[in-house]
Amino acid sequence: MVKGNDDKGDQAKTDYGKATHTPPDGPGPSGAQAPSSRSASPGPSATKLETTGDVPTEYLGAWEGEIKEDGEPTGKIRRVVLSQGPVGAVVAETLTSDADSFCQDSAKLKSADNLLLIEDQDVTTSIPEGSCSAVGEQTLRIGDDGTLAWSVPNSSSEATLRPSKSGGKPVPDTYLGTWLAKDAFGKTDATVKITIKQGAVGTAVAQDVADSKKYHCEGDRLLVSVEKGLVLSPSKFTGGTPKDLCGPGTSLTFTASGHDKLRVEYDDPDDYSDETMTQTFTRLD
């Protein structure tokens with residue numbers, strides 16, 4: 001949750017989100033970032049399914065996949081949770097995540113003929129603040145293989161979405177607990193402590209604390225995905241000093257290494273090669 005010093009700043013994004021596996025930019029640990037302004041409210045995976053409406057039954061539930069642009073994988077995560085309702089009603093909660101931002105929206109059903117046409121309305125969560133914008137109209141078409149084809153009209157953005165875990169307890173037990181990284185993300189004498197708890201996708205499940213001789217930063221992270229490791233959003237600042245050194249950083253993807261280790265792969269911001277670094281977190285409890 002330490003703010004980067006690469007002069008990029010937190011610029012608003014209009015793309016549709018990236019997958020997350022790099023640490024936050026900046027002098028501190030990649031882990032001290034926080035959740036959205038509405039992290040306490042139910043996320044996409046908590047959407048209730050009604051019994052009547054215009055959404056075909058086979059579309060209902062949580063779907064997740066990686067966005068492609070011009071046919072090329074982007075690493076961006078797109079998640080759509082569809083509930084029942086008539087045309088004109090809010091029937092979807094959506095999530096988009098990339099290395100630098102986390103966005104949640106609600107979407108109305110515009111039509112349900114040969115495919116579903118939905119349209120994002122309000123941005124309910126934006127990390128960093130002001131970095132997200134509504135996607136707008138999107139099409140969804142169920143396939144013979146049980147996947148859901150997602151696309152944005154007049155755009156090269158598309159994805160194959162597959163059924164995804166939902167409910168209030170999707171986090172595998174192996175990730176739960178408190179973890180510590182020393183010399184965090186290549187910063188000598190910097191530490192990141194992160195506590196991961198159970199919770200629905202789209203809600204705050206982690207709190208992290210980044211410390212060094214220059215800063216003390218605290219933040220929360222939202223759960224993005226549990227499909228390929230544990231993906232957490234960039235962090236939202238909840239406390240610390242000096243505030244100008246505490247920023248959202250990047251999202252993190254954890255993979256378990258036995259019971260007592262978690263690992264995060266990241267790109268060293270001070271290294272111009274393509275080499276990927278690995279940060280190890282050790283269980284404290």
Side-chain angles (χ1 to χ4, degrees), residues 1-2 10 13 16-24 29-47 62-64 75-81 92-106 120 122-135 164-172 175-179 192-210 217-239 246-254 262 264 281:
M1 99 174 230
V2 176
D10 291 334
K13 295 177 177 56
Y16 302 119
K18 298 185 234 183
T20 65
H21 59 107
T22 54
S30 301
Q33 320 301 308
S36 97
S37 57
R38 301 196 181 183
S39 59
S41 61
S45 62
T47 300
W63 304 82
E64 184 180 312
K76 302 174 183 180
I77 293 175
R78 183 63 172 172
R79 180 181 173 89
V80 178
V81 182
E93 299 295 328
T94 66
L95 176 159
T96 319
S97 179
D98 67 15
D100 303 312
S101 67
F102 175 89
C103 310
Q104 285 178 302
D105 308 78
S106 59
D120 277 356
D122 301 320
V123 174
T124 57
T125 299
S126 178
I127 304 174
E129 185 176 353
S131 65
C132 301
S133 58
V135 174
S164 179
K165 292 182 181 179
S166 59
K169 296 183 178 181
V171 180
Y175 293 100
L176 302 177
T178 299
W179 308 81
V192 176
K193 182 172 71 173
I194 184 166
T195 299
I196 301 171
K197 62 182 182 179
Q198 194 58 266
V201 174
T203 66
V205 298
Q207 295 77 43
D208 42 30
V209 178
C217 303
E218 300 177 10
D220 293 329
R221 290 178 181 267
L222 302 185
L223 179 60
V224 175
S225 175
V226 293
E227 300 302 319
K228 297 179 180 179
L230 181 75
V231 185
L232 301 179
S233 74
S235 182
K236 183 179 179 180
F237 175 77
T238 58
C246 300
T250 68
S251 59
L252 300 176
T253 295
F254 291 91
L262 296 180
V264 175
F281 285 73

Would you kindly say whether Q104 and T94 are connected by a side-chain donor-acceptor distance under 3.5 Å?
no

Short side-chain donor-acceptor distance under 3.5 Å, T195 and T178
yes

Rounded to the nearest 0.5 Å, how far apart are [atom1] of [X] and [atom2] of [Y]?
X	Y	atom1	atom2	answer
Y175	I194	OH	CD1	12.5 Å
F237	C246	CZ	SG	5.0 Å
D98	C103	CG	SG	7.0 Å

Regarding R79 and D105, does a basic nitrogen lie under 4.0 Å from an acidic carboxylate oxygen?
no

So that I know where these two stand, are F254 and F281 an aromatic pair - ring centroids less than 6.0 Å apart?
yes

Is the shortest side-chain heavy-atom distance between V205 and L232 below 4.5 Å?
yes

Using a 4.5 Å cut-off on heavy atoms from C-beta on, say whether the side chain of P170 contacts that of L223.
yes

For [X] and [Y], which heavy atoms make the closest approach, and how far apart are they?
X	Y	result
R78	D120	NH2-OD2, 3.3 Å
R221	S233	NH1-O, 2.6 Å
P234	A99	CG-O, 4.1 Å
T250	D100	CG2-OD1, 3.6 Å
A204	K197	O-CE, 3.4 Å
L262	I196	CD1-CD1, 4.2 Å

Backbone N/O of [Y] and side chain of [X]: donor-acceptor pair under 3.5 Å:
X	Y	result
D122	T124	no
S101	S131	no
E227	K165	yes
Q198	V171	yes

Might you work through the side-chain contact (heavy atoms from CB on, under 4.5 Å) test for V231 and L252, ending with a clear yes or no?
CA-CA 6 Å; V231 185; L252 300 176; over 6 Å; no

